[in-house]
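Report on the structure given below.
These numbers come from the heavy atoms of this one structure, side chains and all, not from hydrogens, waters or symmetry mates. The sequence lines fix the lettering, A, B, ..., with proteins before strands; numbering per chain opens at 1. What you are looking at is a predicted structure, and each value in this text was computed from that prediction instead of being measured.
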Number of protein chains: 2
Amino acid sequence: MSAIVDNIKGKATPTEALLPTATASTRADSVFDSLRTAIVRGELSPGSKINEPQLSKLYGISRGPLREAIRRLEGCKLVEIKANVGARVVELDIQKAIEIYEIREALEGLACGLAAERATSADCDRLRALLARHEAQIESEDGKRYYQKEGDLDFHYLIVSLSGNTRLFNLLCDELYHLLRLYRVQTSSQPSRPAQAFKEHHRIVDAIEERDAMLAELLMRRHIASAKATLLAQLDHDSELNPIDVGS
Amino acid sequence: MSAIVDNIKGKATPTEALLPTATASTRADSVFDSLRTAIVRGELSPGSKINEPQLSKLYGISRGPLREAIRRLEGCKLVEIKANVGARVVELDIQKAIEIYEIREALEGLACGLAAERATSADCDRLRALLARHEAQIESEDGKRYYQKEGDLDFHYLIVSLSGNTRLFNLLCDELYHLLRLYRVQTSSQPSRPAQAFKEHHRIVDAIEERDAMLAELLMRRHIASAKATLLAQLDHDSELNPIDVGS
DNA sequence: TTCAATATTATTGTCTACAATTTTTGGTTT
DNA sequence: AAACCAAAAATTGTAGACAATAATATTGAA
């Protein structure tokens, strides 16, 4: 157990700097970030118990701020709390994946349509630059691995931010995307269709640049539907290998 | 399907099932419910400070569980917390209303389409029964007032629960709908188009009964777009009367 | 051995007190 | 007066201890 716990404190990868709040001025904030990272990396395995005395000792804080951090994780749907029993890291199953992707398709379709309506030409430049970076990454093996793991989300992150809808951005980036990360870690991972995904990204940017909101929305919905199908196939395959496994 | 959804399916009026969380076994849960109710009723005015010593005294609990309740309110987007400064009841403005309704239109459109695909004939009976009840209420003055205040949401609760998507249900009913209530209280209220809304509800149920998912989604989106227009007009009108008002 | 009831331990829920920070107050200077 | 700085008050953040509940272990009986 302590080996797992030791890993948790180990700090960030480059991609990590994108998402967490810049200034974690309070201990509770800091521990919230750490725990969230640990969960989405799979270092706290799905279904496992959140032990307050243990974690408060690990992070060197008292249980008060720790419990507040756990409440925030509950808000992100990363843990589930039962009264008088405690919190457990969320369990991911196929049913939940279906639900998440139904929602994601609707929301990112919306975001992409809004982005097409609202993106400035400077915004389009940013999209093009990101595509170029991804294209270069697909060449190298390491880059391809990164693209499959985080690059795809970077693209979606940018689109959503261009939608101009702050609440939508928070909903997707603070909640759904972290859950998607967790799925990626849990399945043997990889969408394993990087070239196809890149092509789809390209067409989406084309539609945005042409201010074609309807097409942009349609293409994004399809793009996500493809990702959904890939994930479900993967989950289906995995579930045949290891049927059920309730965390410690 | 989740216990929550089952619970709601079994109740006469969904609002009753949802507002007071089943059994608030812990003090923090109980205070969370109380605070949420106080906020959506406008008893804690938008923008006002959440004073921890004051509230803990009021509810007769210490600050620990109170702070956890506040964190949960933050998760519902009902308060905004700044580190070392504290929490304030969320301020509602036109921009936020637009964002919320953009999201709501996408999500409830999705929900309604799913409901059309999945509703059993028993579910359709429940929808018809609800419509009949609302039709009766429109006759009386009191009933009309209720219909405008809560009856509309009851209809939407039921539709969303019929979507079968638990996460979608939670997203809408635990977060968005409470915010909508807050808007209704804050504006001089009333959608003031009960007859029109009832007609739209009726057509939506028709589409669901006919298993016409695309039409159901379209009609729901239009229904919400109408509500959005009404709310924005109201907010616009109100903002001319009292320009800006930062809570105490 | 297996099951059930009980005793023990561990964990969660809560309270009180203290430290850190912010907000307010009051005074001083220009 | 107005603006600025310092002291005081209030509020938030955190720690540690105790109470209530759940999980575990132990004992006894069938």
Exercise. With sequence neighbours left out, what residues match E68(A) under salt bridge (Lys or Arg N to Asp or Glu O under 4.0 Å)?
Worked result: R67(B), R71(B)
For this session: With sequence neighbours excluded, tell me which residues meet ring pair (Phe, Tyr, Trp, His ring centres under 6.0 Å) with Y101(A).
Result: none
For this session: Could you please spell out the steps behind the side chain to side chain donor-acceptor pair (under 3.5 Å) verdict for T26(B) and D29(B)?
Result: CA-CA 5 Å; T26(B) 187; D29(B) 290 341; 5.0 Å; no
Exercise. Does R104(B) reach the side chain of Y177(B), with side-chain heavy atoms less than 4.5 Å apart?
Worked result: yes
Exercise. Are side-chain heavy atoms of V90(B) and L179(B) found at a separation under 4.5 Å?
Worked result: yes
Problem set entry | B/S/- contact track for nucleotides 10-16 of chain D, protein heavy atom under 4.0 Å | -SBBBB-
